[in-house]
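One structure is given here, and the rest of the page talks about it.
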Amino acid sequence: FINIGTTAVLSRVLPASDFGLVAMVGTFTSFLMLISDMGLSWATVQKERLEQGHIDMVFWAGAVLGGLAWAVCALAAPLVADFYKTAVLVPLCWVLGCSLFINGRTIQPTALLKRQMRQRELAISQTGAVLVAGLVAVGLAFTGVGYWALAAQSIIGALVLLAMSFYWSGYRPAIPRHSAGAMSLLKFGGYVGACNIM
């Protein structure tokens, strides 16, 4: 309902072309999102015995994959702009690609909430992210920034979810150490990620 309400307001303030621009980049970033997640959240949820070293290893793997996905998005920005014959997509790719890096860091704390069956806290985090991002987007749209309001909605939503999931999960990442079970987690996540990409 929050999404519907936000979209209804934004569609009255912003032209349809602004939504089209963000959707062009969104098609590309949605695919990269599969790569940055790579099934790591499911790997954490399904593991019978999970140690701190496992959690840290998967967290940093997600952060690295998210950073790589952002880099790919930024480097491919000129190609995306050329494909759609729209130059403004280059800075949009740079900015919207940042959400890939943020989401890569969110994978582990949200997975821990799922593993612990803390659905209330997870729902509060997700709903809070949608609400705050929607309010920011509507406020920016009324200031006349155009499609950047929609870009801000994506980034703010990812940041709020990151902050709230860390808060509720209580997880604090540490420097990863070699752990025998960590590779099995990454392998499991790799299979899930490959299936999602296919």
Side-chain angles (χ1 to χ4, degrees), residues 1-14 18-19 21-23 25-27 29-46 50 55-56 58-67 69-70 73 92 94-174 189 196:
F1 284 115
I2 295 170
N3 270 326
I4 292 171
T6 301
T7 304
V9 174
L10 290 173
S11 64
R12 300 292 293 178
V13 179
L14 301 175
D18 286 349
F19 287 89
L21 291 172
V22 174
V25 178
T27 303
T29 56
S30 294
F31 178 74
L32 290 176
M33 187 72 74
L34 296 175
I35 297 173
S36 65
D37 178 82
M38 215 52 185
L40 295 177
S41 58
W42 286 111
T44 299
V45 172
Q46 64 83 37
L50 195 64
I55 300 171
D56 293 332
V58 176
F59 170 81
W60 289 110
V64 169
L65 287 172
W70 185 13
C73 189
L92 262 178
W94 296 341
V95 173
L96 289 174
C98 179
S99 63
L100 298 168
F101 178 61
I102 299 169
N103 287 328
R105 290 167 166 255
T106 309
I107 293 170
Q108 201 55 209
T110 55
L112 290 173
L113 289 175
K114 291 175 185 177
R115 179 182 174 86
Q116 298 162 4
M117 300 293 288
R118 298 174 66 188
Q119 296 300 322
R120 177 177 172 273
E121 289 83 356
L122 185 60
I124 290 172
S125 301
Q126 293 171 334
T127 306
V130 172
L131 179 61
V132 173
L135 291 174
V136 170
V138 169
L140 288 174
F142 277 107
T143 65
V145 296
Y147 53 82
W148 290 114
L150 300 173
Q153 183 178 19
S154 175
I155 300 299
I156 296 299
L159 285 172
V160 172
L161 181 58
L162 174 66
M164 294 188 77
S165 59
F166 265 110
Y167 172 76
W168 288 116
S169 69
Y171 171 64
R172 299 298 178 266
N196 288 337

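In what follows, residues are counted from 1 in the order of the sequence shown.
Each of R120, E121, Q126 was checked for a side-chain contact (heavy atoms from CB on, under 4.5 Å) with I124, and the lone residue meeting it is R120.
A side chain to side chain donor-acceptor pair (under 3.5 Å) check over residues 155-172, counting only residues at least two apart or in different chains, returns the pairs D56-Y171.
The two residues W70 and W94 come nearest to each other via the heavy atoms NE1-O, 2.9 Å. Closest approach of L140 to A149, counting heavy atoms only: CB-CB, 3.9 Å. The minimum heavy-atom distance between A141 and L14, with the atom names listed, is CB-CD2, 4.0 Å.
Side-chain atoms of W60 never come within 3.5 Å of backbone atoms of R105 as a donor-acceptor pair (strictly under, hydrogens ignored). The backbone N or O of A8 sits less than 3.5 Å from a side-chain atom of S11, completing a donor-acceptor pair.
Counting only heavy atoms from C-beta outward, the side chains of F31 and C73 never approach each other to under 4.5 Å. Between W148 and L92, some side-chain heavy-atom pair lies under the 4.5 Å cut-off.
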Are T110 and S125 close enough, and set up right, to give a side-chain contact (heavy atoms from CB on, under 4.5 Å), and what steps lead you there? CA-CA 9 Å; T110 55; S125 301; over 6 Å; no

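With sequence neighbours left out, Y147 forms a ring pair (Phe, Tyr, Trp, His ring centres under 6.0 Å) with no residue at all. A137 is linked by a side chain to side chain contact (heavy atoms under 4.5 Å, CB included) to L10, Q153, counting only residues two or more places apart in sequence or in another chain. Taking the side chain to side chain contact (heavy atoms under 4.5 Å, CB included) definition, one finds that V64 meets it with L68, sequence neighbours left out. Shown here are the side chain to side chain contact (heavy atoms under 4.5 Å, CB included) partners of I2, two or more places apart in sequence or in another chain: T6, T127, V130, L131. Taking the side chain to side chain contact (heavy atoms under 4.5 Å, CB included) definition, one finds that S154 meets it with L96, S99, sequence neighbours left out.
In this structure, CG in L113 is found 10.5 Å from CD in Q108, a value given to the nearest 0.5 Å. In this structure, N103 CG and L159 CG are separated by 9.5 Å, a value rounded to the nearest 0.5 Å. R118 CZ to L122 CG: the interatomic distance, rounded to the nearest 0.5 Å, is 10.0 Å. To the nearest 0.5 Å, atoms CD1 (I155) and CD1 (I102) are separated by 5.0 Å.
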